[in-house]
There are 2 protein chains.
Amino acid sequence: MPAGLATHIKKFVDLTEEEASILLTYTRPLEIKKKGFLLKEGQVCRANYFVEKGCLRLFFIDEKGTEQTVQFAIENWWVTDYTGFRSQAPSHFYIQAVENSKITVFERSTQDGLFAKLPQLERYFRLILEKSYGASQWRIKYIFSLSKENMYKQFIASFPAFVQRIPQYMLASYLGLTPEYVSEIRKKKS
Amino acid sequence: MPAGLATHIKKFVDLTEEEASILLTYTRPLEIKKKGFLLKEGQVCRANYFVEKGCLRLFFIDEKGTEQTVQFAIENWWVTDYTGFRSQAPSHFYIQAVENSKITVFERSTQDGLFAKLPQLERYFRLILEKSYGASQWRIKYIFSLSKENMYKQFIASFPAFVQRIPQYMLASYLGLTPEYVSEIRKKKS
DNA sequence: CGCGGGTTTGATGATGCTCAAGCCCGGTGG
DNA sequence: CCACCGGGCTTGAGCATCATCAAACCCGCG
């Protein structure tokens, strides 16, 4: 039961118990093991994923074969390849579990039906997307204004708890630097 | 009259003529001269801006005093500082006209009233934001997978017409490189 | 105990920035 | 109509940041 999702929605829009149970019929719970994939390059991205517990990441593989993390999603965040989700064309991204995770799956195919029944969810997703897009604008701001070293320091200062949860190389791939260089920065700091 | 806006909305959701005229009462046309500002750092971002004609840019000034462009908006695009727009806290960004422009202004304070009257706009903005957020994910992808030189080449190959409309230093600030380096790349190409 | 994924180390070198100067060209005022 | 001014673009030398590569190391897990 996606108790987390209903609770999260209620922070943004009204949702009665009855409506919450309608919501249930439009979503699907999913447990996924660490390193499991919800989406791979070339596949059609059919769903939007809400993290009840655990952590997912959206990444791609560049021409040199290195993984580059675009986004992490922890508890109460949504993640999908929005371009692929909208177009239903083969995706250029991967979505992978960073930890053993409990997910609520929201299929693209049932979206319109659900919005027809619970119109306030249209508002909920608008609000979520405003927040996500705002975060994305800030991400660009950090990328352009900070040196790699400062990006790293800033990140671990801002999210110390989260840094504990992910391996270094994954953090490196999120910040756009090499694991070797992360190592060097850490050495310097001591 | 924001004919462009109504037309744009109709591409995404239904909108009768009567509803379009209601929309009119909730928006405000604005003409702004090249280099004029719609938002400056420290001000509260009270509106979302739709470009009917012309071009706007969202940028910030980094600690070295250099302008860094986060986003351009040409005809039929919205632009605002979403974080500031949502929180109504003083912004860290600037919004400036790149050309003489015709804008439709949508004030934050009237947003809820309008959505109550025209609920389908909730959907419209959700769709717009999905598209914008998707574009933003791709922007990250390009930043992480291409060298500066290839970012530049890729951009001018993808948007040759748009490149004509903006000065080099502004394009440089969008791609996160220096005008000097752009110069160097252009020299090499010949 | 051994395997393997992840991290560290260090040497080398490319990418792309900084700074300072000159240049080009379009606009403005005399 | 010309001269000047200044914003933007170019040039080049020098240099910092950060990537690359190869090797060793560490340690948790099967």
Side-chain angles (χ1 to χ4, degrees), chain A residues 33-37 55 57 59-69 72 94 96-100 140 142-156 162-190, chain B residues 33-37 55 57 59 61-69 72 94 96-100 140-156 162-190:
Chain A
K33 287 233 167 61
K34 185 172 172 172
K35 307 217 170 179
F37 285 92
C55 180
R57 63 193 276 244
F59 73 94
F60 65 97
I61 297 187
D62 68 21
E63 60 279 2
K64 288 175 201 143
T66 339
E67 297 178 359
Q68 303 283 0
T69 301
F72 289 110
Y94 298 77
Q96 187 190 34
V98 175
E99 307 168 344
N100 295 334
I140 306 271
Y142 283 129
I143 290 174
F144 281 170
S145 57
L146 301 178
S147 70
K148 299 277 166 115
E149 181 170 348
N150 284 337
M151 279 188 63
Y152 175 79
K153 287 181 179 168
Q154 160 98 26
F155 191 89
I156 59 171
F162 177 64
V163 171
Q164 300 302 100
R165 294 171 64 174
I166 57 169
Q168 297 290 342
Y169 80 91
M170 225 176 252
L171 175 53
S173 86
Y174 178 76
L175 297 176
L177 38 78
T178 58
E180 292 95 327
Y181 193 56
V182 169
S183 224
E184 198 166 325
I185 295 169
R186 298 183 51 161
K187 187 171 51 166
K188 262 198 271 182
K189 289 221 316 178
S190 59
Chain B
K33 286 233 169 62
K34 186 173 171 171
K35 306 214 172 180
F37 285 92
C55 181
R57 64 193 275 245
F59 72 94
I61 296 188
D62 67 20
E63 60 279 2
K64 290 176 199 141
T66 342
E67 297 178 0
Q68 303 282 1
T69 302
F72 289 109
Y94 298 77
Q96 186 190 34
V98 175
E99 309 167 343
N100 295 335
I140 306 271
K141 188 172 191 290
Y142 283 129
I143 289 173
F144 280 170
S145 57
L146 301 178
S147 69
K148 299 277 166 119
E149 181 170 348
N150 284 337
M151 279 187 62
Y152 175 80
K153 287 181 180 169
Q154 160 98 26
F155 192 89
I156 59 170
F162 177 65
V163 171
Q164 300 301 100
R165 292 171 66 173
I166 57 169
Q168 297 290 342
Y169 79 90
M170 225 176 252
L171 175 53
S173 87
Y174 178 75
L175 298 177
L177 37 78
T178 58
E180 292 95 327
Y181 193 56
V182 170
S183 227
E184 198 167 323
I185 295 168
R186 298 183 50 163
K187 187 171 50 165
K188 262 197 271 183
K189 288 220 316 177
S190 59

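Between A/I166 atom CD1 and C/dG6 atom C1' there is a gap of 14 Å when expressed in whole angstrom units. Spacing between atom CG of A/L177 and atom P of D/dA19 amounts to 6 Å, rounded to whole angstrom units. The separation between A/K34 atom NZ and C/dG5 atom C1' is 11 Å, rounded to whole Å. Across the protein-nucleic acid pair, A/R186 atom CZ and C/dT8 atom P stand 5 Å apart, rounded to whole Å. Between the CE atom of B/M151 and the C1' atom of C/dT15 there is a distance of 14 Å, rounded to whole Å. Distance, B/L146 CG to C/dG16 P: 10 Å, rounded to whole Å. In this structure, B/L175 atom CG and C/dT15 atom C1' are separated by 16 Å, rounded to whole Å. B/E180 places its CD atom 18 Å from the P atom of C/dT15, with the value rounded to the nearest Å.
Judged by distance alone, with hydrogens and angles left aside, the side-chain atoms of B/N100 form a donor-acceptor pair with the main-chain N or O of B/K34 at under 3.5 Å.
Proximity of B/T178 to the phosphate of C/dG16: no side-chain N or O atom is located under 4.0 Å from OP1 or OP2. Note on B/Y181: every side-chain N or O is 4.0 Å or more away from OP1 and OP2 of C/dC17. For D/dA19, neither phosphate oxygen OP1 nor OP2 lies less than 4.0 angstrom from any side-chain nitrogen or oxygen of A/K64. Phosphate contact (OP1/OP2 of D/dA19, side-chain N/O of A/K148, threshold under 4.0 Å): present.
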Starting from the C-alpha separation in whole Å, work towards a yes-or-no answer on ring pair (Phe, Tyr, Trp, His ring centres under 6.0 Å) for A/Y181 and A/Y152. CA-CA 10 Å; A/Y181 193 56; A/Y152 175 79; 9.2 Å; no
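Results of the side chain to side chain contact (heavy atoms under 4.5 Å, CB included) test with A/N150 over A/K153, A/Q154, A/K148 single out A/K153 as the only residue that passes. For the pairing with A/F144, the side chain to side chain contact (heavy atoms under 4.5 Å, CB included) check across B/L175, B/T69, B/I143, B/D62 returns one residue only, B/I143.
Comparing A/N150 and B/P179 against DNA chain D, the residue whose closest nucleotide sits nearer the 5' end is B/P179. With DNA chain D read from its 5' end, the first of the two nearest nucleotides for B/V182 and A/S147 is the one closest to B/V182.
When heavy atoms are screened at a 4.0 angstrom cut-off, B/Y169 is found touching the sugar-phosphate backbone but no base atom.
The side chain of B/E184 lies closest to C/dC17 when the candidates are D/dC9, C/dC17, D/dC18. For A/K187, whose side chain is taken as the heavy atoms from C-beta onward, the closest listed nucleotide among C/dC17, D/dC18, C/dG10 is C/dG10.
Between A/F162 and A/F155, the ring-plane angle classifies as perpendicular under the 30° and 60° cut-offs.
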